Amino acid sequence: MKKTTLRWKGVLTFLLLLALLWKMEASAASGINVEYHTQEEIKQKYQELNIQPSLKTGYQVNPSLEVPYAVGVLDDATVNNAMSTLNFVRYVAGISYNVQNDVEHQEMAQAAALINSINGGLSHYPEQPANMSEELYHLGYSGAGSSNLGVGYGNLYSAIVSGWMNDGSESNIDRVGHRRWCLNPTMGKTAFGVVGSYYAMYSFDRTNASDAYGVVWPAQNTPMELFSNTSLPWNISMGKDVDISSVQVSMKRQRDDKQWSFSQASSQGYFNVNNSGYGMSGCIIFRPDDIEEYQENDSFHVEVQGTYLSGEAFEVSYDVNFFWIEKPVEEEEVEEEPVEEEEPVPVRLSKPKGLKLKRLSSGRVKIKWKKVPGATKYKVYCKKGKKGKYKKIGTTSRTSLVQKKCKKGRKYRYKVRAFQKTSSATIKSGYSAVKKLKY
């Protein structure tokens, strides 16, 4: 019996060693110091956190945008879902994922969202609204200056995933500051504020001890729920100031061996280095041109070489693998509803303006327009030729969309419509002006 027990202990030990060696091989990366999580571990963590992407914002105390102003208090379900979403993103990135809600800063973040909502615009340095007390104004001003801010998202999940973790716009890509605050390894506390369609996330906390460096996004295993839009930049934060003149980045897509390279001298896409203190310094930012799309099971190999401003050389090598946690079902195209059949709505949204079309490679067209204040999503419609009918080709919370499978020589007409969903109704704008393009 003793020999049998020892034999089984030996087998179990061997199996554990095999599992450990497999994980070590799967996480074969160098030059970075973050935890590696497998795709199955990430799926399990998502289920454990019970994240609800569509959870509506709820309040214990409703805010008031009229005198006497009231900042309001978010309910526990809203706060807990936002905390779970942020910690899940951090888990995927391989950094600490036990960030706590900070009650002391909760009112500050809420006041920041309130002031920006009253003023009708985003600002880290907002003006004082008429008849607002000095105490409330200074609370909101301090909150706005120490928070990630956003507007136009459907809820806090969307603000985190589609907003602050995005940073692909022209005004943010040079530093990806919102993303770096979300992925700051030394963050131990945060707080959220929501008033109407205005959002705030307190970001200046550094109460967590961490030795992480080389924080990459997208991470080594990344759900496509978090990163599937080709307009999103890639970045790696080294934790020390980096010399942009020495940095060279290369990436290779495994399914077709397509390669990209990036440096200050020559880049096949966007490239920059930012050494400001947004969470973690030494941030190397790159975004490949002509990426076309990210596909399930896509794998990319990334290598980075360079020097810190101190003169110390570094080398980084890692793989990025994309997968779905829950693969979405593609939405079928449907014919638009005629304008004359619309029912009246309680609030008006202005029509989308500034519609622009751009031909891309591989039969694709990029449709872009200006943000509509108050809109939470947009629907894009296309008509092929003169006699065809307009059909919806996509719904998005962004201000751009890419249509695929366009045929050379065919004419296309596009128009866009804005929407805002409230608790009592879905508010629709009129259609934008029609833009035509021959592919």
Side-chain angles (χ1 to χ4, degrees), residues 57 63-65 67 69-74 78-79 82-83 85-86 89-90 99-153 156 158-160 162-167 169-208 235 237 241 274-283 285 371 373:
T57 303
S64 174
L65 282 70
V67 180
Y69 301 110
V71 295
V73 180
L74 295 172
T78 299
V79 173
M83 295 303 310
T85 302
L86 177 64
V89 169
R90 294 171 64 88
V99 178
Q100 302 295 315
N101 179 52
D102 185 4
V103 177
E104 293 183 10
H105 288 96
Q106 191 73 60
E107 190 176 14
M108 180 186 291
Q110 193 66 25
L114 174 71
I115 290 179
N116 278 322
S117 184
I118 293 170
N119 290 340
L122 286 182
S123 175
H124 289 291
Y125 313 99
E127 296 182 359
Q128 184 172 0
N131 301 316
M132 176 173 282
S133 69
E134 291 292 330
E135 181 182 3
L136 178 54
Y137 172 61
H138 286 301
L139 183 69
Y141 187 89
S142 179
S146 56
S147 297
N148 282 346
L149 302 176
V151 64
Y153 302 104
L156 275 168
S158 180
I160 295 169
S162 302
W164 299 320
M165 287 301 296
N166 184 318
D167 271 357
S169 67
E170 293 182 4
S171 59
N172 290 305
I173 193 173
D174 65 328
R175 58 196 181 281
V176 292
H178 302 98
R179 180 189 293 177
R180 287 159 67 189
W181 283 121
C182 290
L183 297 182
N184 174 19
T186 63
M187 176 182 280
K189 300 177 182 179
T190 190
F192 296 95
V194 184
V195 176
S197 60
Y198 287 82
Y199 296 81
M201 169 189 158
Y202 176 69
S203 303
F204 280 10
D205 181 79
R206 294 184 183 274
T207 58
N208 182 50
N235 78 282
S237 295
D241 288 358
N274 183 278
N275 289 314
S276 300
Y278 297 95
M280 178 174 277
S281 65
C283 184
I285 307 160
K371 177 182 280 292

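Predicted model, so just to flag it, every value in this text is computed and none were measured.
Nearest heavy-atom pair across N275 and G282 is OD1-CA, 3.3 Å. Across every non-hydrogen atom of W164 and C182, the tightest pair is CB-SG, 3.9 Å. The minimum heavy-atom distance linking V195 with Q110 is given by the pair CG2-NE2, 3.4 Å. Considering all non-hydrogen atoms of both residues, I285 and C283 come closest at CG1-SG, 3.7 Å. When all heavy atoms of S146 and M108 are compared, the closest pair comes out as OG-SD, 3.9 Å. In this structure, G177 and D167 approach most closely via the heavy-atom pair N-OD2, 3.2 Å.
Under a 3.5 Å cut-off, the side chain of D174 and the backbone N or O of N274 do not form any donor-acceptor pair. Not one N or O on the side chain of D205 forms a donor-acceptor pair closer than 3.5 Å with the backbone of T190. Listed for the R175 side chain is a donor-acceptor partner under 3.5 Å among the backbone atoms of S171.
Shown here is K371, whose NZ atom has more than 12 heavy atoms of other residues, nucleotides or ligands within 6.0 Å. More than 12 non-hydrogen atoms from other residues, nucleotides or ligands lie less than 6.0 angstrom from CD of Q106.
Inter-residue side-chain proximity for H105 and S147 is flagged as unmet; no heavy-atom pair is nearer than 4.5 Å. The closest side-chain heavy-atom distance from L74 to T57 is below 4.5 Å. Contact annotation: the side chain of K189 approaches that of T207 to within less than 4.5 Å [non-hydrogen atoms, C-beta and beyond].
To the nearest 0.5 Å, atom NE2 of residue H178 and atom OG of residue S203 are 8.0 Å apart. A distance of 13.0 Å separates CD1 in I115 from OH in Y198, rounded to the nearest 0.5 Å. Between Y278 atom OH and N148 atom CG the span is 10.5 Å, to the nearest 0.5 Å. Here the OH atom belonging to Y202 is positioned 14.5 Å from the CD atom belonging to E107, to the nearest 0.5 angstrom. Interatomic distance, CD1 of I160 versus OG1 of T85, reported as 5.0 Å (0.5 Å rounding).
With sequence neighbours excluded, no residue forms a ring-ring contact (aromatic ring centres under 6.0 Å, His included) with F192. Residues forming a side chain to side chain contact (heavy atoms under 4.5 Å, CB included) with T186 (at least two apart in sequence, or on another chain): N184, R206, S210. In this structure S158 satisfies the side chain to side chain contact (heavy atoms under 4.5 Å, CB included) test together with Y153, N155, S162, sequence neighbours excluded. Listed by chain and number, the residues in a side-chain hydrogen bond (donor to acceptor under 3.5 Å, both in side chains) with N166 amount to none (sequence neighbours excluded).
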Exercise answer: donor-acceptor pairs, residues 134-141 side-chain atoms, under 3.5 Å, sequence neighbours excluded:
residue: E134; atom: OE1; partner: H138; partner atom: NE2; Å: 3.2
residue: E134; atom: OE2; partner: Q128; partner atom: NE2; Å: 3.4
residue: Y137; atom: OH; partner: P126; partner atom: O; Å: 2.7

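Among pairs with a residue in residues 116-127, none fulfils side-chain hydrogen bond (donor to acceptor under 3.5 Å, both in side chains), at least two apart in sequence or across chains.
Results of the side-chain contact (heavy atoms from CB on, under 4.5 Å) test with L183 over V176, V89, L86 single out V89 as the only residue that passes.
Side-chain contact check for R180 and N235: no donor-acceptor pair (N or O, by modelled atom type) lies under 3.5 Å.
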